Amino acid sequence: MAEPPVPHGLDARGFIEREGSLARVPHAFRPVVAAARDRLLDTFGPRLHSAYLYGSIPRGTARVGRSDLDLLVALYKEPADADREAVRALGEALDKEYPQIDGVGTLLYGRARLLSDLETYDLGWFVACLCTPLLGDDLAEYLPRYRPDSLLARETNGDLALLLPRWRERIAAAADREDARRPLVRGMSRHLVRTGFTLVMPGWNGWTSDLREMAEVFGAYYPERAAELHRAAEYGYEPVGDPDVLRSYVDGLGPWLAAEYARVHGVKAPRPD
């Protein structure tokens, strides 16, 4: 087995360190972050509990014109369809007005769900470790510290087998154009790389959000599949609109990874939705 990178991303007690901060937001992206903050307040007012950035912008690795703006919004109550439509419209407006971003993705949940026992090792961990506070009361204060163990692996990415049929439906419904398939390749590539990484994360005993490093760590434990995950990591950054790539994900790498994940860590606890 090739030696994986030296583990990192943990504090002195072995807990995953929170990544990202507002101080790391690159200068070019600060206007769009400020606009997102103000418009979320205008949209939800007193119903807004808190809002967060995640992804490459708060990590300081975003690329102008290539990176998307990722937001998580927590409301005091569970969101309704009108709330989901509001964040969709807000994201579309920001994407049109700010050329430095390539799309906006917004996760929208109620406070109770994010703090629920069922979500402690999935959405709760996501907020506490991968999200940077932008507005409101930080939910991380109500959540535990997290280690890169098998429980966390199972509850974050142990549902790939359930996702694959949905991915096939999305691929079949996509227009037969490169620009229509490219976002699918990017999203599925990133998901597969992250799943491959968390498969081996407990053995590596560290954390990273860098797709290339994730693939490198995975490849040290599964050398026979290393090339596939390295390619997926590159497509996660520079996607192509190739239908053969999508087919390889849902007919090859994806099913293998789902089965191996279930064997090693088990299956994620069922969710009501």
Side-chain angles (χ1 to χ4, degrees), residues 9-11 13-25 29 33 36-37 39-41 43-44 46-62 67-80 83-84 86-87 90-91 104-159 163 187 190-191 194-195 197-198 201 206-211 214 268-273:
L10 309 183
D11 66 15
R13 297 174 61 193
F15 295 112
I16 296 174
E17 292 185 305
R18 194 176 208 174
E19 61 177 33
S21 73
L22 294 181
R24 295 183 190 171
V25 173
F29 294 93
V33 169
R37 179 195 61 213
R39 295 184 197 187
L40 286 171
L41 283 172
T43 299
F44 294 110
R47 297 189 297 126
L48 178 69
H49 175 274
S50 51
Y52 307 80
L53 299 173
Y54 67 94
S56 61
I57 289 180
R59 290 199 301 267
T61 59
S67 297
D68 50 358
L69 173 68
D70 295 310
L71 301 166
L72 184 144
V73 177
L75 302 182
Y76 278 101
K77 295 184 178 180
E78 288 301 305
D83 298 318
R84 297 183 182 92
V87 296
L90 187 153
V104 178
T106 305
L107 303 176
L108 181 65
Y109 297 102
R111 178 183 184 277
R113 178 170 178 180
L114 293 171
L115 295 180
S116 67
D117 291 343
L118 187 62
E119 296 292 353
T120 298
Y121 287 88
D122 188 10
L123 291 176
W125 164 78
F126 184 78
V127 170
C129 295
L130 304 190
C131 287
T132 296
L134 181 64
L135 286 167
D137 184 20
D138 184 7
L139 288 172
E141 298 297 325
Y142 306 93
L143 292 162
R145 304 297 307 281
Y146 295 90
R147 299 184 188 276
D149 57 19
S150 186
L151 172 61
L152 184 63
R154 186 186 75 221
E155 290 305 304
T156 52
N157 288 304
D159 59 349
L163 292 177
R190 292 179 177 184
H191 194 105
R194 289 165 183 155
T195 302
F197 169 71
T198 52
M201 173 185 68
W207 176 260
T208 179
S209 283
D210 182 277
L211 295 178
M214 285 181 166
K268 184 175 183 174
R271 298 308 196 258
D273 56 356

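As the structure is a computational prediction, the values presented were derived from the model and not from experiment. All residue numbers in this chain count up from 1 along the given sequence.
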Study note, to complete from the structure: Taken to the nearest 0.5 Å, the spacing of L163 CG from K268 NZ works out to 8.0 Å
Study note, to complete from the structure: On a heavy-atom basis, the closest approach of L139 and A74 is CD1-CB, 4.1 Å
Practice item. Taking the side chain as every heavy atom from C-beta outward, state whether T198 and R154 have any atom pair closer than 4.5 Å. Key: no
Review point. Side-chain contact, heavy-atom cut-off 4.5 Å: L152 with R147?
Key: no
Check your understanding: Is the shortest heavy-atom distance from the side chain of T43 to the side chain of V87 under 4.5 Å?
Key -> no
Check your understanding: Y52 and C131: which non-hydrogen atoms are nearest, and at how many Å?
Key -> CB-CB, 3.7 Å
Study note, to complete from the structure: Taken to the nearest 0.5 Å, the spacing of I57 CD1 from R24 CZ works out to 14.5 Å
Practice item. May I ask you to test the D70-L53 pair for a side-chain heavy-atom distance under 4.5 Å? Key: no
**Study point:** Among F44, Y109, Y76, Y142, ring pair (Phe, Tyr, Trp, His ring centres under 6.0 Å) partner for H49
**Key:** Y76
Revision key, fill the gap. Looking only at heavy atoms, the pair that brings G206 and P148 closest together is O-CB, 3.8 Å
Practice item. Would you indicate whether the side-chain heavy atoms of L75 and L48 approach each other to under 4.5 Å? Key: yes
Review point. Can you tell me how far CZ of R190 sits from OG1 of T195, rounded to the nearest 0.5 angstrom?
Key: 14.0 Å
Review point. Taking all non-hydrogen atoms of both residues, which atom of P58 and which atom of V25 are closest, and how far apart?
Key: CA-CG2, 4.2 Å
Review point. Salt bridge or not for E119 and R113, using N-O below 4.0 Å?
Key: yes
Point to revise | Nearest atoms (heavy-atom pairs only) where W125 meets I16 | key: NE1-CD1, 3.7 Å
Review point. Hey, which of L114, L115, D122 is the one that makes side chain to side chain contact (heavy atoms under 4.5 Å, CB included) with V127?
Key: L114
Practice item. Decide side-chain contact (heavy atoms from CB on, under 4.5 Å) for D159 and R271; before the verdict, give the C-alpha distance in whole Å, the side-chain angles of both, and the deciding distance to 0.1 Å. Key: CA-CA 10 Å; D159 59 349; R271 298 308 196 258; over 6 Å; no
Check your understanding: Got M214 and R194 here, is their nearest side-chain heavy-atom distance under 4.5 Å?
Key -> yes
Exercise for review: Quick one: pull up CZ in R59 and CG in L130 and give me the separation to the nearest 0.5 Å.
Suggested key: 8.0 Å
Practice item. State, yes or no, whether a side-chain contact exists between L118 and P272 at a heavy-atom distance under 4.5 Å. Key: yes
**Study point:** Atom pair OH (Y121) and CG (L143), whose distance is rounded to the nearest 0.5 Å
**Key:** 10.0 Å
**Study point:** Distance (rounded to the nearest 0.5 Å) between M201 CE and S150 OG
**Key:** 8.5 Å
Point to revise | Closest approach of V104 to G91 (non-hydrogen atoms, all atoms of both residues) | key: CG2-O, 3.5 Å
Practice item. Decide, yes or no, whether a salt bridge links R18 with D138 under the criterion of side-chain N to carboxylate O below 4.0 Å. Key: yes
Point to revise | Carboxylate-amine/guanidinium proximity below 4.0 Å for R145 and D11 | key: yes
**Study point:** Sub-4.5 Å side-chain heavy-atom contact between L123 and L107
**Key:** no
Review point. Does the separation of the ring centres of F197 and W207 fall below 6.0 angstrom?
Key: yes
